[in-house]
Amino acid sequence: MLNKNSNASLAFIKEASPGQRPDIFWASAPDAFEVLSREKLLTKPADVKNPAAPDKIGNYPMNDPDGLYYGQALSGYGLMWNTRYLKANKLPAPAEWSDLTKGIYFGHVAVSAPSRSGTTHLTVEAILQGEGWDKGWTQLMEIAGNCKAITERSFGVPDGVNSGQFGIGLVIDFFGLAGKYSGFPVEFAYPTVTSVVPASIGLVNGAKNAADANKFIAYTLSNEGQALLLDPKISRMPIVSYDKLQGKVPAGYPNIFEVARKSKVQFDSDVAQKRYHVVTALFDQTITFRHKELQAVTKAIHEAEQKLAAKPNAQAAELVRQARELAFKPVVDEALLKKPAFLDLFSKGVSKKAMGDFADKQMATLEDQWNSKAKANYAQALELAEQASAASK
């Protein structure tokens, strides 16, 4: 078993020779399967589909229409929190992503970087697709400003919440549920702005052991294999209804089909795949690499708003509005995403094949500009927030 993030897994499969590749690709990221399918790195497994599984989850297909990969579990994205931590810090349990933008949560939240975690990328995309580009990025930046840490790996968030290092984490559902049903003092909830998509499994073209891999895939999709997902250490969402399974469903276990029915997001993996590198680069340049500055200005804005609440002041209120505009507005305009040349620049496969090193340099220059713009915005916003606090005295 090779445990790698989505980008590293794709690179590993691409670089391996036929006959020497891993047998199975198994991941929560739907866009990764589309990349493998497009580059002919998957082959059809034989006789594996579970007839008890629905054809769709919401509007999202359960399986690849061409039969190259199959939904093996269902994944949703939400919030996990440590109940003891929240009680000790007198914090209410969050219910929506927007709750985490509030000043009371400053320093109590954690998220991983989407460039290092496929599941975090899907969480980010769920917010962007649910709220729209501008509002979604504003919300993400406000949440990140409240974060105690941007972890280097996705496991760092649930591990930190389980241990009480962090109060709240943005996670894929099985991280939160596995902690809860393994006995940690944690809870998990799906916001209304979430997405439910299949975590898929596929047979790699050029695998070492294709015949045995086919049998394994078939077993994971069978009702017997699906029942194993309910093991507390796994806590995944089956692709079939609970009445089809032999395993005992834990008390209070979420009904993922009901979550999908109520979700405000109809996830579009094509959109997510096309702008994948733009989203991850923008997050890194303006949030991950500038987190200290973002934290500082977020704290200053919260402090200014507290003073305003106690003593209203029109001049201070305008300064805070300007500070928020500078600090939390994305530095990339959504209109750019409609330009194929811009998206191609951030598509590694296209840029290296079609445009070579020049495209890589252009991309690096743009990323540097985003980083510099974020730094300048945060510095100016911090000054404005501090002026607002002074005016409110």
Within the distance-only criterion (no hydrogens, no angle test), does the side chain of [X] pair as donor or acceptor with the backbone N or O of [Y] below 3.5 angstrom?
{"X": "D173", "Y": "S75", "value": "no"}
{"X": "R290", "Y": "K375", "value": "no"}
{"X": "D23", "Y": "N209", "value": "yes"}
{"X": "S222", "Y": "Y219", "value": "yes"}
{"X": "S235", "Y": "P232", "value": "yes"}
{"X": "R21", "Y": "N205", "value": "yes"}
{"X": "D333", "Y": "A335", "value": "yes"}
{"X": "Q226", "Y": "T220", "value": "yes"}
{"X": "S117", "Y": "P114", "value": "no"}

Between [atom1] of [X] and [atom2] of [Y], what distance do you get to the nearest 0.5 Å?
{"X": "T194", "Y": "I172", "atom1": "OG1", "atom2": "CD1", "value": "9.5 Å"}
{"X": "Y85", "Y": "H108", "atom1": "OH", "atom2": "NE2", "value": "4.5 Å"}
{"X": "I234", "Y": "L177", "atom1": "CD1", "atom2": "CG", "value": "12.5 Å"}
{"X": "S200", "Y": "L74", "atom1": "OG", "atom2": "CG", "value": "9.5 Å"}
{"X": "L326", "Y": "Y378", "atom1": "CG", "atom2": "OH", "value": "11.0 Å"}
{"X": "Y77", "Y": "T120", "atom1": "OH", "atom2": "OG1", "value": "9.5 Å"}

Quick one: is the NZ or CZ of K180 closer than 6.0 Å to the six-membered ring centre of F188, and within 45° of its axis? no
Answer yes when R153 and D159 have at least one side-chain N-carboxylate O distance shorter than 4.0 Å, and no when they do not. yes
Does the side chain of [X] reach to within under 4.5 Å of the side chain of [Y], using non-hydrogen atoms?
{"X": "E187", "Y": "M80", "result": "no"}
{"X": "L100", "Y": "L170", "result": "yes"}
{"X": "N313", "Y": "L308", "result": "yes"}
{"X": "T101", "Y": "F328", "result": "no"}

Which of F33, Y69, Y70, F216 passes ring pair (Phe, Tyr, Trp, His ring centres under 6.0 Å) with W26? It is F216
Determine, stepwise, if the pair Y190 / S263 fulfils side-chain contact (heavy atoms from CB on, under 4.5 Å). CA-CA 9 Å; Y190 297 97; S263 173; over 6 Å; no
Return the set of residues passing salt bridge (charged side-chain N to carboxylate O under 4.0 Å, His left out) with D284 (not counting sequence neighbours), or none when no residue passes. none
Measure the acute angle between the ring planes of H302 and F106, then classify it against the limits of 30° and 60° as parallel, tilted or perpendicular. perpendicular
Under 30°, 30 to 60°, or over 60°: which ring-plane class applies to W137 and F283, parallel, tilted or perpendicular? tilted
When hydrophobic residues are tied together by side-chain contacts of less than 4.5 Å, even through go-betweens, does [X] share a cluster with [Y]?
{"X": "V35", "Y": "F267", "value": "no"}
{"X": "V240", "Y": "V249", "value": "yes"}
{"X": "I57", "Y": "I201", "value": "yes"}
{"X": "I104", "Y": "W97", "value": "yes"}

For P94 and W81, the nearest pair of non-hydrogen atoms, with its separation, is O-CZ3, 3.7 Å
For A296 and L382, which heavy atoms make the closest approach, and how far apart are they? O-CD1, 3.8 Å
D270, CG: over 12 other non-hydrogen atoms inside 6.0 angstrom: yes
